[in-house]
Amino acid sequence: MSACVPTRATDPHGPEPVHQPHSPPPKGPRRFRVAGADLSASIAVFLIALPLSLGIALATGAPLQAGLVAAAVGGIVAGRLGGSPLQVSGPAAGLTVVTADLIHRYGWRTTCAITVLAGLAQLALGCVRVARSALAVSPAIVHGMLAGIGVTIAVAQLHIVLGGTPQSAVLDNLRALPAELAHLHPAALSMSALTLVLLLAWPRLPGRTGELLRTVPAPLVAVTGATATAALAGLALPKVELPSWSSHALAGLPEGPALGLVAAVLTTTLVCSVQSLLGAVAVDKLAAARPGTAVRVNRSDLDRELLGQGAANIVSGGLGGLPVAGVAVRSSANVQAGAVSRNSTMLHGVLVVIAALLMVPILEFIPLASLAALVMAVGIQMVSLHHIRTVTRHREVLVYAVTTLGVVLLGVLEGVVLGIAVAVGVALHRLTRTRITHDETEGVHHVHVRGQLTFLAVPRLSRALHLVPHGAKVVVELDGSFMDHAAYETLQDWQKTHTAQGGSVELTGRRAGVRIAEPVSHPGRRGGARAAEPADCRCRPWTPWRNHQCDRDGPPAAAPDGDHPAGSDGARTPESACGAPGAPDGPGGSDRHEPSRLRLVRGISAFQRNTAPLVRGELARLAREGQRPSQLFLTCADSRLVTSMITSSGPGDLFVVRNVGNLVPLPGEESGDDSVAAAIEYAVDVLRVRSITVCGHSGCGAMQALLKSEPAGSRTPLKRWLRHGLPSLERMADKGRPWARLAGRSPADAVEQLGLTNVVQQLEHLRAHESVSRALREGALELHGMYFHVGEAQAYLLIEDGEEGGTQVFDTVRAAELPA
């Protein structure tokens, strides 16, 4: 048997080896690798960026090469250093108006210097980590700013489309339009029209052939088609002129008034930063919603993105390029093309550099009218109808309109300042807008306060309260989430005075963070005199679905004969809960049924006032179309289980069946009670639900009764019903079957163990029903088990095929299980 020996003798005095004898050899330098998805995405983005960069440079009045410089720098520098891996940066249409105005005022070299200074400002903002604060700007202002810029771009480029020359201001362009229309240039107009037709029609090509052709970007097809047509037809049109790179103008020292230069730098910084940060957030949403992506893309680091944008603007301005920002069109194309890393953005920048050096003769065939039509279409798309509908729905259309008009008529910075001022004014108006009404119904005076109750509303509140006569019963409804100190004292002082004069006051509604003393009546005292001790009602915004079970810490009312009521040892009794059954409702109240009735009336009134206006449209649609629930939800009748809350469902989503113990009787054992079987048959055969969920819960009284049940005893209706749960009890007692359990811990007690086992057993009962078994065989139905722990507010879903020989495991819902 041979042995392996070294071919060289080991020098005992030589240096130690670099790596351990049994460790793998050291790896060589890491090689740069590009995924195939990034390569294809970079080509797609490059084909979009090339014509758009030239068109935006044309719209600003800058040298056309400046657009290519900005595109290359945005791809390479911002792509490498930025915090949004899939966002593509470059010359953006949102910066067109700002840059055009700067060039008109200060010249090109000073504009480049302003770009450099704006980049430095972005670096400073990124270092102090204020990126998230920039997102606090109202979306109505941002969308209004973009819409105003889009209108300005579209109106200016319309002159080039018609064969003329645009003016510097929007109003001047509008005044000059009649003269342009009177002297049309057919060649320029025809190439512009051809560009627009191709741009709009290309994404709508039908069929498989159209699907294949649509992989080529529409902007590239539109510009290429117009360029080829103009060349073949021999049309004499102004075309792209790219001067020699040797004569390319770089940044120079800024020249102009200091105040104007500072305003220019702030404007450029604001527009570049806000557009880039909002674009990064939008790219995260697009990437998260992209189906079938195996490679996980990290979320954007907004502070790093701001640093990357600042570095890109410094380099772009220094090299004589346009300002750089994140571009929505190219970023969305990058995501849709399947990019998985920042390599696609960087490669697109490299391709722009190659094109700028090698494709100059080809680019000079492009008609300026074609580029103008392309940019005009981009400007029109910036006025989004979706954004208009959104701000209208949120009642911020005034902010949007003022910002848009301000940008169009005055400028970007002035328009944004106006928008911010109007947004602040609208917010203050909403804060101070309070409606206070007073009416009388059946001898009870109702004072309704809707809105925020501040010191500005105190005079109106006092007038409404003084309309209430002495000794009357009053209900004050506070429908708001804020009350300041002045309003609190006014309401409290009036309440004390009114109750001292023999009246009664009931405070209802939402009062987050506010506690108002409500005097407690002592019916045993002569003349119904009111006690001075207050009982605090700690209401919170969620009291409507809490059934108004807020605490009262005041002393219990004395019984008429002077004896202490049950629970008078200082502990809080159930009857001391606000609105609890049996508690006297208001001073002198003794009818034990009145509080429940009043609570029902208040709940209905609150629904009609607050919730009904929000759901009326949806309920009207369901009334017309009928119910189409997707799920049958079979759960316990326990009042703590609010099915719509724990499933985040609304009207028409769930077909709910509730009974004691969430039991499903086996077919043939209903004994006159066919309600559950009828609901199952109706849901499966008529409503065509796609799933059935059986939901148990912790602390179930039915499970406790099952554990304590005795074979011999009176056959009450409850015991007759609970016999359908005896198979669950037998299943838990069967030692040959593994117990159902919760993931991560054992059941807390026998009640919880039986609750879990009962869910599994009732699912087997479901499979025995003919309609369910047939739907399962056809693949039209799924069965789910669920367990809700009330105290933890935690839902557990049943994993049918668990480990350990088929153990039924209830596990929590993890975020990883949700679709992206």
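Contact annotation: the side chain of Val772 never approaches that of Glu681 to less than 4.5 Å [non-hydrogen atoms, C-beta and beyond]. Proximity of Pro747 to Leu756: side-chain heavy atoms (C-beta onward) are separated by under 4.5 Å at one or more points. For the pair Thr812/Gln794, a side-chain contact is recorded, criterion being any heavy-atom separation below 4.5 Å from C-beta on. Val505 places none of its side-chain heavy atoms less than 4.5 Å from the side chain of Val475. The shortest side-chain heavy-atom distance between Val759 and Cys695 does not fall under the 4.5 Å cut-off. The side-chain heavy atoms of Thr441 and Val444, taken from C-beta on, include no pair separated by under 4.5 Å. Side-chain contact check for Tyr796 versus His789: some heavy-atom pair is nearer than 4.5 Å. Between Leu729 and Thr757 there is no side-chain heavy-atom pair separated by less than 4.5 Å.
Counted within 6.0 Å of CZ on Arg621, heavy atoms from surrounding residues, nucleotides or ligands total more than 12; the atom is thus considered enclosed. The number of heavy-atom neighbours closer than 6.0 Å to CD of Glu770, taken from other residues, nucleotides and ligands shown, is 12 or below. Applying the 6.0 Å contact sphere to CZ of Arg658 captures more than 12 heavy atoms from other residues, nucleotides or ligands.
In terms of heavy atoms, Gln608 sits closest to Pro613 at O-CD, 3.6 Å. Heavy-atom minimum distance, Met732 versus Ala750: SD-O, 4.2 Å.
Atom-to-atom distance recorded for Trp739:CH2 and Leu754:CG is 10.0 Å, nearest 0.5 angstrom. In this structure, Lys496 NZ and Leu491 CG are separated by 11.5 Å, a value rounded to the nearest 0.5 Å. Ser649 contributes atom OG, which lies 3.5 Å from atom CG of Leu654 (distance to the nearest 0.5 angstrom). Remark: Cys636 SG to Phe788 CZ distance equals 13.0 Å, nearest 0.5 Å. One distance of note links CG of Leu776 with CG of Leu781; it measures 5.0 Å at 0.5 Å rounding. With rounding to the nearest 0.5 Å, the separation of CG in Leu619 from CZ in Arg624 is 11.0 Å.
The side chain to side chain contact (heavy atoms under 4.5 Å, CB included) with His446 is formed by just one residue from the set Val476, Val474, Asp439; it is Asp439.
For the salt bridge (charged side-chain N to carboxylate O under 4.0 Å, His left out) test, residues two or more places apart in sequence or in another chain that qualify with Arg640 are Asp638.
Panel note: side chain Arg723, backbone Arg720; a donor-acceptor pair is recorded below 3.5 Å. Side chain of Asp811 to main chain of Leu798: no donor-acceptor pair is present (N/O by atom type, distance under 3.5 Å, no hydrogens or angles). Between the side chain of Gln492 and the backbone N or O of Tyr488, no donor-acceptor pair lies under 3.5 Å. The backbone N or O of Ala678 lies less than 3.5 Å from no partner atom in the side chain of Asp674, so there is not a single donor-acceptor pair. Checked by atom type and distance alone, the side chain of Ser771 never pairs as donor or acceptor with a backbone atom of Val684 at under 3.5 Å. No donor-acceptor pair closer than 3.5 Å links the side chain of Asp685 to the backbone N or O of Tyr682. Under a 3.5 Å cut-off, the side chain of Thr716 and the backbone N or O of Lys719 do form a donor-acceptor pair. Within the 3.5 Å criterion, the main-chain N or O of Thr643 finds a donor-acceptor partner in the side chain of Thr647. Judged purely by atom type and a 3.5 angstrom limit, His498 uses its side chain to pair as donor or acceptor with the backbone of Ala472. Under a 3.5 Å cut-off, the side chain of Ser698 and the backbone N or O of Val790 do form a donor-acceptor pair.
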Please walk me through it: do Leu507 and Gln495 pass side chain to side chain contact (heavy atoms under 4.5 Å, CB included)? CA-CA 10 Å; Leu507 296 169; Gln495 181 186 16; 3.9 Å; yes

Between Glu752 and Arg745, does the salt bridge (charged side-chain N to carboxylate O under 4.0 Å, His left out) criterion hold? Intermediate values first, please. CA-CA 12 Å; Glu752 186 167 72; Arg745 67 175 178 87; 3.1 Å; yes

Apply the test ring-ring contact (aromatic ring centres under 6.0 Å, His included) to residues His445 and His438: give CA-CA distance (whole Å), side-chain angles for both, the deciding distance (0.1 Å), then the verdict. CA-CA 7 Å; His445 293 259; His438 167 264; 5.3 Å; yes

Checking His765 against Gln762 for the side-chain hydrogen bond (donor to acceptor under 3.5 Å, both in side chains) test, could you report, in this order, the C-alpha distance in whole Å, the side-chain angles of both residues, the deciding distance, and whether it holds? CA-CA 5 Å; His765 289 186; Gln762 301 311 315; 3.3 Å; yes

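Defined by atom type and a distance below 3.5 Å, a donor-acceptor pair is present between the side-chain atoms of Gln631 and Thr693.
At a threshold of 4.0 Å, the pair Arg737-Glu730 does not count as salt-bridged, since none of the basic side-chain nitrogens sits closer than that to a carboxylate oxygen. Between Glu764 and Arg731 there is a salt bridge, since a side-chain N of the basic residue sits under 4.0 Å from a carboxylate O of the acidic one.
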